[in-house]
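Below: the structure, in structure tokens.
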Amino acid sequence: MAKQEKTVWFCSNCGTESAKWMGRCPGCGEWNTMVEERVVKKSKSSTFERRDDVVARPISQIETREEQRMRMPSEELNRVLGGGLVAGSIVLVGGEPGIGKSTLVLQNILSMRGKRILYVSGEESASQLKMRADRIGKLNDNCFIVCDTSLESILNHIAQVDPELLIVDSIQTIASDAIESSAGSVSQVRECAARLLRYAKESGTPVILIGHINKEGSIAGPKVLEHIVDAVLQFEGDRHYMYRILRSIKNRFGSTSELGIYEMVQKGLREVTNPSELLLSQGSEDPLSGITIGVTLEGVRPFLIETQALVSTAAYGTPQRSVTGFDAKRMNMLLAVLEKRVGFKLAQKDVFLNIAGGLKVNDPALDLSVICAILSSNVDIAVPRDVCMSGEVGLSGEIRPITRIEQRVLEAEKLGFGTIIIPKHNIKGFDTSRLKIKIVEVAKVEEAFRSLFA
């Protein structure tokens, strides 16, 4: 009996299937996301597989065991994964083109001695990968390279090599012969990811998938791809800057609060174990106005970052508001607080704000550093180099308490700062008698200004 072909419509956002085109997806509610694809209708006998060895059990009778983890050479990657790759897990790594996804994975597997690894590349040739390995300066005879885009052929290579770790670069380039659609389509990505997930669970082999992102910054393909995998890691950063951040969006075996920081160098990616020292400029000895040091938190990891502000008289009729690395709407709110609650007239001034290092910070505890940098540039008075600060600013001009204040204070002391400005009554229950750093507690924005410029 010949296979029957039919045309169906899939939602590119959530993967919902429809027999006809619809302007709005009934599954996720998004508009204009339905795409047409040809699929081969399978017989009912091949759709479901009966398994007599699977029975339902009460949850109290299910035995739990500690996950076996494979430690990666990069400690920053282990931190984000929650301690290493779990046996039988499938991890999706996404990021912009050229950000360093393939370099991150390749330099880790080239450093893994004693592990049989299969690297499947659907984008680069074997000679290109060899050139990248030579640039990284590492070779590993236990790492096998195959360049193929057919899922059935890849499964044959897996059966021959029998790897202990599988990497697929990228999942959007793999296609199955059972589906009559191009690689990267909704049905192809869903089918290939499901087949690789089944292989990972049955064999206990961890699988790393490298994925593309769309122009909005989310993982390309159907949303079901992120639901299938056990962990989703986002590799972020600006290609014009040297810093990269590995962030966990989803992790079934660890916390999503961790992040890893890398620096792009000539030989690949270098781990940044102490990002605070690199994010603070080592300029001239004379302090400059408009520069403050804020203690921010990314996940559960504190580090100090330089906030730069420039306030000048508006050259045109409409004042400019330019922000890099910080929320523009939040800066406008802070400027309104300065004008309404503190009395500084900035309505006719150009305000430029920059977070050093090309990082994007969303921690509200950086508010105090931002307004102090703006005021410092406005009055042209420099903030002392050994002073750092951390606090959230409310609409009434109060300094609100922040989370994990102990970690922030200890990080500032470790880097040799003499004074830290924090919200009042935010440090209750924390023994500060052994600390060498001076702690200044403030309740209002005016108090912070007086402590800096009095």
Side-chain angles (χ1 to χ4, degrees), residues 3 5-6 8-18 25 27-28 33-51 53-54 85-94 118-123 146 148-159 162-163 165-214 218-233 249-253:
K3 295 182 179 179
E5 292 187 0
K6 67 175 183 176
V8 296
W9 295 82
F10 288 99
C11 174
S12 59
N13 184 48
C14 66
T16 301
E17 181 180 340
S18 175
C25 173
C28 62
T33 57
M34 305 299 289
V35 292
E36 184 181 13
E37 294 181 10
R38 292 190 332 179
V39 298
V40 178
K41 187 176 180 181
K42 299 180 180 179
S43 60
K44 293 184 178 180
S45 59
S46 62
T47 304
F48 300 99
E49 295 183 5
R50 182 177 177 181
R51 297 183 60 183
D53 58 334
V54 178
L85 278 174
V86 177
S89 65
I90 182 166
V91 178
L92 176 63
V93 181
L118 178 61
Y119 189 104
V120 179
S121 176
E123 298 178 346
V146 60
D148 207 333
T149 57
S150 172
L151 178 63
E152 287 73 19
S153 178
I154 291 171
L155 293 176
N156 291 332
H157 291 299
I158 292 174
D162 190 20
L165 174 62
L166 173 66
I167 291 93
V168 177
D169 183 10
S170 66
I171 185 62
Q172 280 84 9
T173 62
I174 307 303
S176 174
D177 297 336
I179 298 178
E180 297 291 334
S181 60
S182 60
S185 61
V186 175
S187 55
Q188 285 286 9
V189 172
R190 181 172 55 186
E191 175 69 16
C192 295
R195 292 278 295 275
L196 292 173
L197 173 68
R198 181 176 178 180
Y199 159 74
K201 300 304 180 184
E202 291 180 351
S203 64
T205 303
V207 178
I208 298 178
L209 305 179
I210 298 177
H212 300 162
I213 64 171
N214 53 28
S218 57
I219 302 294
K223 200 68 176 178
V224 70
L225 175 62
E226 299 181 46
H227 291 289
I228 288 176
V229 300
D230 296 310
V232 180
L233 307 183
I249 299 176
K250 169 190 175 182
N251 194 351
R252 289 174 178 163
F253 305 106

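Model, not experiment: these values are computed from the prediction.
Between L197 atom CG and S89 atom OG the span is 10.0 Å, to the nearest 0.5 Å. Distance check: E123 CD to H212 NE2 gives 3.5 Å after rounding to the nearest 0.5 Å. Rounding to the nearest 0.5 angstrom, the gap separating the CG atom in L233 from the CG atom in L92 is 8.0 Å. Atom SG of C192 is separated from atom CD of Q172 by 10.0 Å, given to the nearest 0.5 angstrom. Separation of atoms OG1 (T205) and CD1 (I90) is listed at 11.5 Å; rounding is to 0.5 Å.
Side-chain atoms of L196 and I174, non-hydrogen and from C-beta on, never get closer than 4.5 Å to each other.
The shortest heavy-atom contact between A194 and I228 is N-CD1, 4.3 Å. Taking both residues in full, the closest heavy atoms of E226 and K250 are given as O-NZ, 2.8 Å, listed atom of the first, atom of the second, then distance. For the pair T16 and M34, the tightest heavy-atom approach, listed with the atom from each and the gap, is O-CE, 4.1 Å. Considering all non-hydrogen atoms of both residues, V207 and L209 come closest at CG1-CD2, 3.8 Å. S187 and S181 make their closest contact through OG-OG, 3.1 Å (heavy atoms, listed as atom of the first residue, atom of the second, distance). Between T149 and T173, the shortest heavy-atom contact is CB-O, 3.4 Å.
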Point to revise | Trace of the side-chain contact (heavy atoms from CB on, under 4.5 Å) decision for S185 with V35 | key: CA-CA 9 Å; S185 61; V35 292; over 6 Å; no

Check your understanding: Can L166 and H157 be said to form a side-chain contact (heavy atoms from CB on, under 4.5 Å), step by step?
Key -> CA-CA 11 Å; L166 173 66; H157 291 299; over 6 Å; no

Exercise for review: Using the side-chain contact (heavy atoms from CB on, under 4.5 Å) rule, take F253 and N251 through it: C-alpha gap first, then chi angles, then the decisive distance, then the call.
Suggested key: CA-CA 5 Å; F253 305 106; N251 194 351; 4.0 Å; yes

Exercise for review: Start with the C-alpha distance between C11 and V186, add both sets of side-chain angles, then the distance that settles side-chain contact (heavy atoms from CB on, under 4.5 Å), and finish with yes or no.
Suggested key: CA-CA 8 Å; C11 174; V186 175; over 6 Å; no

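With respect to L118, the side-chain contact (heavy atoms from CB on, under 4.5 Å) criterion is satisfied by exactly one of I158, I167, V168: I158.
Between the side chains of S176 and E152, a donor-acceptor pair is found at a separation under 3.5 Å.
Of the possible polar contacts, one joining the Q188 side chain to the I179 backbone as a donor-acceptor pair under 3.5 Å is found.
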